[in-house]
Number of protein chains: 2
Amino acid sequence: MPRGEARGDGSTAPRGVDVARLAGVSQKTVSRVFNAEQYVSAEARRRVLEAAEALGYRMNNAARALASGRTRTIGVVTLGTALYGPASLLIGVERAARDAGYALRVVNTLEGDPGGVAGAVESLLEQGVDGIVVSEPIDEGAEGALSLSTDVPVLVLGAPAAFGGPRAVSAGVGAEALARAATEHLLELGHVTVHHLAGPQRWFAARDRLEGWRAALAARGRQQPSVIEGDWSAASGYAAGRDLASAGDLTAVFAANDDMAVGLIRALADAGLRVPADVSVVGFDDIPVSAYVTPPLTTVRQPFDSVAHEGLRLLVQAIEKPDAEPAPANDPPVELVVRASTAPPPARKTPARERHTATRARGATHAPPTEGEPPATH
Amino acid sequence: MPRGEARGDGSTAPRGVDVARLAGVSQKTVSRVFNAEQYVSAEARRRVLEAAEALGYRMNNAARALASGRTRTIGVVTLGTALYGPASLLIGVERAARDAGYALRVVNTLEGDPGGVAGAVESLLEQGVDGIVVSEPIDEGAEGALSLSTDVPVLVLGAPAAFGGPRAVSAGVGAEALARAATEHLLELGHVTVHHLAGPQRWFAARDRLEGWRAALAARGRQQPSVIEGDWSAASGYAAGRDLASAGDLTAVFAANDDMAVGLIRALADAGLRVPADVSVVGFDDIPVSAYVTPPLTTVRQPFDSVAHEGLRLLVQAIEKPDAEPAPANDPPVELVVRASTAPPPARKTPARERHTATRARGATHAPPTEGEPPATH
DNA sequence: TTGAAAGCGCTAACAA
DNA sequence: TTGTTAGCGCTTTCAA
């Protein structure tokens with residue numbers, strides 16, 4: 001296709017030389033101006049910018065990429081799901097990439113797609129990217145590991161760096177610490193132990209939360225009830241709640257995400273158990289509605305934004321200064337949001353009714369209650 | 001930077017000529033094979049593919065784009081928010097683009113960013129895209145309209161095509177029809193009128209829902225209560241619920257999204273009003289938890305996937321066959337999900353208590369109750 | 001069915 | 001501080 005035909009108006013998109021001619025300089029000087037290189041006189045710069053403006057010049061990125069070998073683009077592999085976590089992380093990555101001067105290419109993997117991540121990475125490599133972000137990957141077994149030669153730096157978000165190949169870097173939301181904080185909150189309220197409604201264990205994110213829960217119980221020498229595994233959905237939380245309701249010793253549950261927590265709470269209510277009077281529940285994510293469900297959900301908030309920025313800093317460093325020592329990642333903040341779904345356990349053998357007005361335990365924990373929320377009724 | 005240095009192993013990425021040499025053909029034949037052009041002998045094709053495999057050849061997209069003037073990439077402008085609607089639409093667009101053989105570049109606009117959409121479009125144009133999708137834009141007034149010469153076809157999702165410039169095409173989720181169905185559902189249950197908790201009116205999506213609500217009331221000659229405007233958040237729904245609770249004649253509310261509906265229901269409960277015994281509430285979106293909140297939320301489901309595919313079909317046609325008449329868009333399906341937050345209005349002046357066990361009205365509407373959900377208690 | 005030659009619009013390396 | 005000269009790895013055009 002001849003130059004500029006895509007414009008559809010028969011004319012031709014202006015090129016660097018067109019600007020140069022109008023400005024009375026060489027094409028290279030135009031290039032210098034648009035790359036903000038030094039050694040351009042103020043006068044030349046002014047004339048170039050003026051000419052470019054007059055012509056409506058826009059640099060051709062394909063030509064730039066071909067000549068320079070760099071695309072100034074980062075590719076993202078993410079899961080094709082509207083789940084709050086992955087969606088929020090993608091937004092953080094976009095912003096961080098733009099702040100760092102990179103554009104974004106996005107490829108979704110479909111869960112259950114065999115070799116999905118590897119295929120997605122391959123397609124990004126073909127499209128041309130300077131670096132790749134693998135966001136919240138799922139462990140697909142041996143094939144999942146990116147043993148393929150990646151050619152470009154890889155950042156793994158929410159999974160071990162090893163997942164991204166030998167030279168990958170990684171950053172995480174600190175899910176284990178968050179899960180530990182959530183569990184400790186329940187223990188501090190006086191619960192003897194805490195049950196765990198886990199996410200699907202093929203997800204690294206789910207495993208980290210399980211580990212944090214384990215660690216919190218182990219640190220206090222508490223017994224670890226058997227784990228129920230859900231699939232992140234409220235429906236699976238509901239099913240789990242049905243099972244748990246029949247466990248006689250149930251007083252506290254840590255759910256691996258808020259959706260499951262909501263389903264769980266509903267199942268408990270349907271079984272005649274009150275939250276938090278009979279059973280306390282902590283979620284994970286702080287989804288937008290969590291402050292307004294019944295009861296308002298105590299949960300843990302993931303630092304998506306800081307993790308995305310931190311991760312991209314590492315990735316960009318790996319791209320631009322491959323030989324520099326990768327700066328160690330900082331531990332992300334732990335933010336527990338205490339609302340009304342947690343309370344001290346009911347007194348032993350006391351009929352539930354008598355504890356209906358039990359005082360909420362507040363303020364004993366890591367973060368103040370969120371502002372602007374409704375009064376915690378019930 | 002010399003060829004292949006990005007590999008870091010000192011070697012050079014193989015090019016088409018390298019493959020050609022090994023296969024004993026010309027570089028042009030390699031190009032033909034990888035573009036699936038005709039007029040390549042089976043024998044030549046086999047040898048080329050073999051050589052490419054042996055060398056680990058991957059075509060250079062920048063070179064292809066430079067030579068052909070086409071990038072095989074579509075740019076998406078979307079809102080940097082994890083709101084369920086926009087996030088779901090983005091996923092649909094990614095899948096549809098890939099199905100059509102296009103890669104995706106993504107740029108987020110930040111709400112309140114002046115000229116955000118225009119700036120995002122400009123940046124996509126610089127990056128090089130064959131077409132642009134503007135997803136769920138916000139009306140930013142005169143500056144918002146993409147009067148700029150876009151050079152490439154534009155698809156506007158969820159707003160009038162005019163928003164995208166003179167030659168833009170558009171597709172929508174049929175929000176007006178969905179809102180009308182939601183409102184009609186309430187009227188059919190016997191409510192005299194329906195209040196509306198609207199989304200921010202700078203969003204086209206919010207306006208469409210308002211219009212649908214208006215149309216449903218107007219069609220039956222019902223009075224239109226004054227509209228309350230929220231900001232999509234559950235907090236704003238809660239605030240609206242507080243106000244509405246004091247309106248004496250309140251029996252039904254249509255909320256412009258599920259988050260607000262959840263906040264609204266909570267405020268009503270805090271004010272001593274029961275849902276659905278005293279007040280019925282319909283939401284919009286069918287977010288993942290909506291079947292498990294208390295009470296399970298009657299809502300409306302947006303056909304993100306079919307709209308994304310339909311829209312991309314139009315966009316790709318505009319890219320590849322600019323002269324063809326754009327096929328008219330089909331009306332997307334209307335899917336009302338009836339759960340337990342809607343019921344007939346309470347009998348006049350009857351104390352609420354007496355209606356506590358009112359039978360749910362089911363099956364009178366447009367879609368069967370969703371499968372796999374919990375029994376509708378309360 | 002295949003190949004040779006001429007760019008695509010830019011950057012890199014070097015010279016002035 | 002500026003310009004010149006070669007490519008970058010493909011597609012296009014035309015000839016064989």
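Below, read A as the first sequence line, B as the second, and so on, with proteins coming before strands; counting in each chain starts at 1. Hydrogens, waters and symmetry mates play no part in the numbers below; they use all other heavy atoms, side chains included. Because the structure is a prediction, the values reported are computed rather than measured.
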What's the closest nucleotide to the side chain of [X] if the choices are [options]?
X     : options               : result
A:L66 : D:dT11, C:dG9, C:dC10 : C:dG9
A:N60 : D:dT4, C:dA4, C:dG9   : C:dG9
A:A67 : C:dT1, C:dT11, D:dT2  : C:dT11
A:R32 : D:dT2, C:dT11, C:dT2  : D:dT2
B:S26 : D:dT2, C:dA4, C:dT11  : C:dA4

side-chain contact (heavy atoms from CB on, under 4.5 Å) partners for A:R98, two or more places apart: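 So A:R98 forms a side-chain contact (heavy atoms from CB on, under 4.5 Å) with A:E94, B:V107, B:N108, B:L110.
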
side-chain N/O A:S68 vs C:dA12 OP1/OP2, d < 4.0 Å: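 For C:dA12, OP1/OP2 do not have a side-chain N/O of A:S68 under 4.0 Å.
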
Under 4.0 Å, heavy atoms only, any strand: does [X] hit a base, just the sugar-phosphate, or nothing?
X     : value
A:V40 : sugar-phosphate
A:A65 : nothing
B:Y57 : sugar-phosphate
B:N35 : sugar-phosphate
A:Q27 : base

Short side-chain to backbone donor-acceptor contact, B:D305 and B:G92, under 3.5 Å: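 Answer holds: no.
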
Separation of atom CZ in A:R47 from atom P in D:dG3, rounded to whole Å: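 Rounding to the nearest Å, CZ of A:R47 and P of D:dG3 are 9 Å apart.
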
Interatomic distance, B:L90 atom CG to B:L104 atom CG [nearest 0.5 angstrom]: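 It is 7.0 Å, given to the nearest 0.5 Å.
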
B:D151 CG to B:E122 CD distance, which is reported to the nearest 0.5 Å: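 One gets 8.5 Å once the value is rounded to the nearest 0.5 Å.
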
